Amino acid sequence: QVQLVESGGGLVQAGGSLRLSCAASGSIFKNYELGWYRQAPGKQRELVATIASGGSTNYADSVKGRFTISRDNAANTVYLHMNSLKPEDTAVYYCNARYLLWTYWGQGTQVTVSS
C-alpha cells in the first residue's frame, strides 16, 4: 500500500508561482511513475505532468514551459513547480503513483489563481 499526501496549494495571483509537494510512504518509491493531475469544477480530471522512474517527463500542452515536475527518491517526494500561473490553472491538484497494476492517489490540494 502507498499513501500519498499533497501539500503546497493555496491562493495566488495570476503570474505568480507555487510549488506543490507530494510525500509518499509504504512502498518502493523509486519504481513508480509519478504524476500530477488536476480537476476543475464540472470538468474531467486531466493529466498535468508525469515523471517516470528513469526521470523522463511529459507535460500537458497547457502547462508546457510553465510547470516542472521533479522527484526526490531519497525523500519519497514528487514536486510540481508552477510558474506564470493563470486563472485557468485553478483546480484541485492530485498526486498519482503508478507501478504495473497498482495506482494510488492523494486526496488533492486546492490551487486557486486570481486575476
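All values derive from a computational prediction rather than experimental measurement.
The nearest pair of heavy atoms linking Ala14 to Ser115 is CB-CA, 4.3 Å.
By the 6.0 Å contact criterion, CD on Gln13 is open, its count of non-hydrogen atoms from other residues, nucleotides or ligands being 12 or less. No more than 12 heavy atoms of other residues, nucleotides or ligands lie within 6.0 Å of CD in Gln107, so this atom counts as exposed by the packing criterion.
Taking Thr103 as the reference, Asn96, Arg98, Trp105 meet the side chain to side chain contact (heavy atoms under 4.5 Å, CB included) condition, with sequence neighbours excluded. Applying the salt bridge (Lys or Arg N to Asp or Glu O under 4.0 Å) test to Lys64 and every residue at least two apart in sequence or in another chain returns Asp61. Checked against side chain to side chain contact (heavy atoms under 4.5 Å, CB included), Asn83 has the following partners two or more places apart in sequence or in another chain: Ser17. By the side chain to side chain contact (heavy atoms under 4.5 Å, CB included) test, Phe67 is found to be paired with Arg38, Val48, Val63, Leu80, Met82, Leu85, Asp89, Tyr93, residues two or more places apart in sequence or in another chain being considered. For Ala23, the side chain to side chain contact (heavy atoms under 4.5 Å, CB included) criterion is met by Thr77, not counting sequence neighbours.
Contact annotation: the side chain of Ile69 approaches that of Val78 to within less than 4.5 Å [non-hydrogen atoms, C-beta and beyond]. Between Thr50 and Leu34, every side-chain heavy-atom pair lies at or beyond the 4.5 Å cut-off.
Linking ILVMFWY residues whenever their side-chain heavy atoms come closer than 4.5 Å, directly or via other members, places Trp102 and Phe29 in the same cluster. Cluster annotation: Leu20 is connected to Tyr59 through the hydrophobic network of ILVMFWY side chains, with a link wherever side-chain heavy atoms come within less than 4.5 Å. Residue Val2 is grouped with residue Ile51 when hydrophobic side chains (ILVMFWY) are merged at heavy-atom distances under 4.5 angstrom, including chains of intermediate members. Trp36 and Leu4 fall within a single hydrophobic cluster, where Ile, Leu, Val, Met, Phe, Trp and Tyr side chains are chained together by heavy-atom contacts under 4.5 Å.
Tyr94 places no side-chain N or O within 3.5 Å of a backbone atom of Glu6 that could act as its donor or acceptor partner.
Every pair tested for salt bridge (Lys or Arg N to Asp or Glu O under 4.0 Å) that includes a residue from residues 10-20 fails, sequence neighbours excluded, so the list is empty.
Atom CG of Leu100 sits about 11.0 Å away from atom CD of Glu33, to the nearest 0.5 Å. Separation of atoms OG (Ser53) and CG (Asn31) is listed at 6.5 Å; rounding is to 0.5 Å. Atoms OH and SG, from Tyr104 and Cys22 in turn, are 13.5 Å apart once rounded to the nearest 0.5 Å. Separation of atoms CZ (Arg66) and OG (Ser84) is listed at 7.0 Å; rounding is to 0.5 Å.
Tyr32 has its ring centre less than 6.0 Å from the ring centre of Tyr99.
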